[in-house]
There are 2 protein chains.
Amino acid sequence: MLDTRTLRRDATRARILEAAWTLAKRDGLAALSLREVAAAVGMRAPSLYTYFDSKNDLYDAMYAETAAMVATVVRDGAVGSTPKDRLRRGMHAFVVFFAENPARYQLLVERPVPGFVPRPESFAVSRETFASTIATDLAALGITGERATNMWRAITTGLLTQQIANDPGGDGWTSLVDDAFDMYMTFHERKGKKR
Amino acid sequence: MLDTRTLRRDATRARILEAAWTLAKRDGLAALSLREVAAAVGMRAPSLYTYFDSKNDLYDAMYAETAAMVATVVRDGAVGSTPKDRLRRGMHAFVVFFAENPARYQLLVERPVPGFVPRPESFAVSRETFASTIATDLAALGITGERATNMWRAITTGLLTQQIANDPGGDGWTSLVDDAFDMYMTFHERKGKKR
DNA sequence: GTCTATATCCAGATAGAC
DNA sequence: GTCTATCTGGATATAGAC
């Protein structure tokens, strides 16, 4: 697994992915062209097929890479001595990361590429990250159930969808992340205590 | 303005728009092709240029049409004797309309078409609808300022982004609209009263 | 107002030489 | 592993006949 051939191959794959993201940022995700990606790494288009089976396979690698990055960003960001601290910082890290990487947000959350659907394995990473970090800490506060976790997801992605579409590079929505957190907690903690 | 030539022309434009939406729903917004749109209305592609200056002009008409529909849907839906009643019903109408028309949501809110930016006049309709309905009733409750209105927008679009991406045709998120409304109101009314 | 023909260009993907 | 050459098909848009 760690022979030089595999290492080189992975390094080239990483270079291709990086070039793909640069072009996706510039032209839009759906406008990606294999010819341009190849040119950006000093290759011709057919050579990419050594590294990716198809264009959708490249999109899937971009998706999987981003899912893995989010897992790291949230895990590293969601630190603190209480579930509430961790949740607040986790939400913050999630929003900041995607506000800085709008194309990654679109690919992961908004599905703007006609014909591309992530492979179930790639999709599962996102689910797993959420379950093992956010959902766990929410449960520690007595906030459980699909409705409550879906609301969490709606709030975080709502801030990001608006930020990216209507104020790119600004902070008109990301600056609301603490308010959003407090709003969510006030409502759901209270509901939890009612029982 | 109301001569038969204008009427016929507008009717044909409407038929083209309808065909464009049918294809956008089936294949994705960014995959629209003028050839296919033309074929769907019994024409060849060049004939469309009698009705629209370019493909982006067609997208802009789709955008403007949707913005107008949202204006009607929200105005008709946001009825009630109190601002709070109207707001709740307005949020409901907005979410239901877009949950039933995901492609329209994507075009209006998510901007998934590379190279397409709505004309300022088309964009202004959305702003105006929000200002004259939602923002007015929020202000009547003492909820003012960009932060509060941005939060409203984030919540509604958050529900829709998730609903459309992760549960198309379902109600895992749209069924949260009343909770979301209560959550928003509890938080912002209280903050208003603090002053 | 619609058509055919065409300009111009680009796409993803494969075959097979090196 | 990378290339050239090519297949096959598509795109938007314009010119000009009818």
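Keep in mind it's a predicted model, so treat the numbers as computed, not measured. Hydrogens, waters and symmetry mates are skipped; everything else that's a heavy atom, side chains included, is used. Residue numbers begin at 1 in each chain, while the letters A, B, ... track the order of the sequences.
Atom pair A:Lys55:NZ and C:dT14:P shows a separation of 15 Å (rounding to whole Å applied). Between the CG atom of A:Asn56 and the P atom of C:dG12 there is a distance of 10 Å, given to the nearest Å. A:Met43 places its CE atom 11 Å from the C1' atom of D:dC3, with the value rounded to the nearest Å. The distance from atom CZ of A:Arg35 to atom P of D:dA5 is 14 Å, rounded to the nearest whole Å. For the pair B:Leu48 CG and C:dT2 C1', the interatomic distance rounds to 11 Å; values are reported in whole Å. Here the C1' atom of nucleotide D:dT6 and the CZ atom of A:Arg44 are 14 Å apart, to the nearest Å. Put simply, CG on A:Asp57 is 10 Å from P on C:dA13, counting in whole angstrom units. For the pair A:Leu34 CG and D:dC3 C1', the interatomic distance rounds to 16 Å; values are reported in whole Å.
In this structure, B:Ser47 and A:Ser54 both approach DNA chain C, and ranking their closest nucleotides by distance from the 5' end singles out B:Ser47.
Across all strands, A:Gly115 comes closer than 4.0 Å to no nucleic acid atom at all (heavy-atom distances). Residue B:Thr12 is out of contact with every strand shown, counting any heavy-atom pair closer than 4.0 Å. Backbone-only contact: A:Tyr51 has heavy atoms under 4.0 Å from sugar-phosphate atoms and none from a base.
Between the side chains of B:Thr157 and A:Thr161, no donor-acceptor pair of N or O atoms lies under 3.5 Å. Side-chain contact of A:Arg75 with A:Ser132: a donor-acceptor pair under 3.5 Å is present, judged by distance alone. For the 3.5 Å distance criterion, the side chains of B:Glu146 and B:Asn150 fail to qualify, holding no donor opposite an acceptor. No hydrogens or angles considered: nothing links the side chains of A:Asp57 and A:Ser54 as a donor-acceptor pair under 3.5 Å.
Contacts between residues 21-32 of chain B and DNA chain C, counted as heavy-atom distances below 4.0 Å, involve no residue at all.
Side-chain N/O atoms of B:Tyr49 include none lying less than 4.0 angstrom from OP1 or OP2 on D:dA15. Side-chain N/O atoms of B:Ser33 include one lying less than 4.0 angstrom from OP1 or OP2 on D:dA11. At the phosphate of C:dG1, neither OP1 nor OP2 sits under 4.0 Å from any side-chain N or O atom of B:Thr50.
Less than 6.0 angstrom separates the ring centroid of B:Phe94 from the ring centroid of B:Phe98.
Considering only side-chain atoms of A:Arg9, the nucleotide from C:dG1, D:dG1, D:dA11 that sits closest is D:dG1. Of all nucleotides listed (C:dG12, D:dC3, D:dA15), D:dA15 comes nearest to the side chain of B:Pro46.
Here the rule is ring-ring contact (aromatic ring centres under 6.0 Å, His included) with A:Tyr59, and of A:Trp21, A:Phe116, A:Phe52 only A:Phe116 fits it.
Using the six-membered ring where Trp is involved, B:Phe181 and B:Trp152 have ring planes that are perpendicular, over 60° apart on the 30 and 60° scheme.
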